[in-house]
Amino acid sequence: MVPELPPLPALTRSEGELVDCYLEVVDLLGKINPSRTTDTYRALRAAQALVGRAAALKEALTTMHLRGETELHHATLGRALRVLDGERRSALATVTPDPGAPPTH
């Protein structure tokens with residue numbers, strides 16, 4: 001049985017679009033990440049798609065700004081990102097740790 005996810009926080013339509021577009025961009029960056037991928041064609045296709053998704057992200061932020069939504073409520077948006085697996089998805093866009101490097105703690 002699949003565990004029940006916590007509910008998404010209440011978001012405006014623009015905030016929802018921002019979160020969705022942001023995660024789509026993050027997913028594409030994860031596919032392009034040269035420290036994680038070995039397939040140039042897959043990375044190329046993701047890079048091509050990134051242009052359109054970045055434009056959609058810009059449009060979501062522009063819409064928010066024009067509507068007078070001048071602040072990003074980071075706590076609420078952060079909760080939405082966590083519910084939508086944003087931490088794992090974002091980690092795919094970071095450089096993989098060097099297995100031979102000492103821990104940074």
Check: With ILVMFWY side chains joined below 4.5 Å, transitively, what does Tyr41's cluster contain besides itself?
Finding: none
Notebook entry, point to check: Taking only residues two or more places apart in sequence, or in another chain, which ones meet Ser35 in a side-chain contact (heavy atoms from CB on, under 4.5 Å)?
Noted result: Asn33, Val95, Thr96
Notebook entry, point to check: Mind checking what makes side-chain hydrogen bond (donor to acceptor under 3.5 Å, both in side chains) contact with Arg53, not counting sequence neighbours?
Noted result: Glu24
Notebook entry, point to check: By side-chain contact (heavy atoms from CB on, under 4.5 Å), which residues pair with His65, not counting sequence neighbours?
Noted result: none
Next item on the list: For Asp20, check side-chain hydrogen bond (donor to acceptor under 3.5 Å, both in side chains) against everything at least two apart and list the hits.
Entry: none
Note to self: I'd like to check the side-chain contact (heavy atoms from CB on, under 4.5 Å) partners of Glu4; sequence neighbours left out, ordered by chain and number.
What the structure shows: none
Notebook entry, point to check: For Arg42, what residues pass the side-chain hydrogen bond (donor to acceptor under 3.5 Å, both in side chains) criterion, not counting sequence neighbours?
Noted result: none
Next item on the list: Please list all pairs passing the side-chain hydrogen bond (donor to acceptor under 3.5 Å, both in side chains) test where one or both residues lie in residues 54-64, with sequence neighbours left out.
Entry: none
Margin query: Suppose the criterion is side-chain hydrogen bond (donor to acceptor under 3.5 Å, both in side chains): which pairs have a residue in residues 74-83, not counting sequence neighbours?
Written below: none
Item checked: Pairs where residues 88-100 contributes a residue and the test salt bridge (Lys or Arg N to Asp or Glu O under 4.0 Å) is met, not counting sequence neighbours -> Asp27-Arg89, Asp85-Arg88
Checklist line | Hydrophobic cluster of Leu11, others only, ordered by chain and residue number, side-chain cut-off 4.5 Å | finding: Leu8, Leu18, Val19, Tyr22, Leu23, Val25, Val26, Leu28, Leu29, Ile32, Leu50, Leu57, Leu61, Met64, Leu72, Leu77, Leu81, Val83, Leu84
Next item on the list: Linking directly or through intermediates, with side-chain heavy atoms under 4.5 Å: list the remaining ILVMFWY members grouped with Leu66, chain and number order.
Entry: none
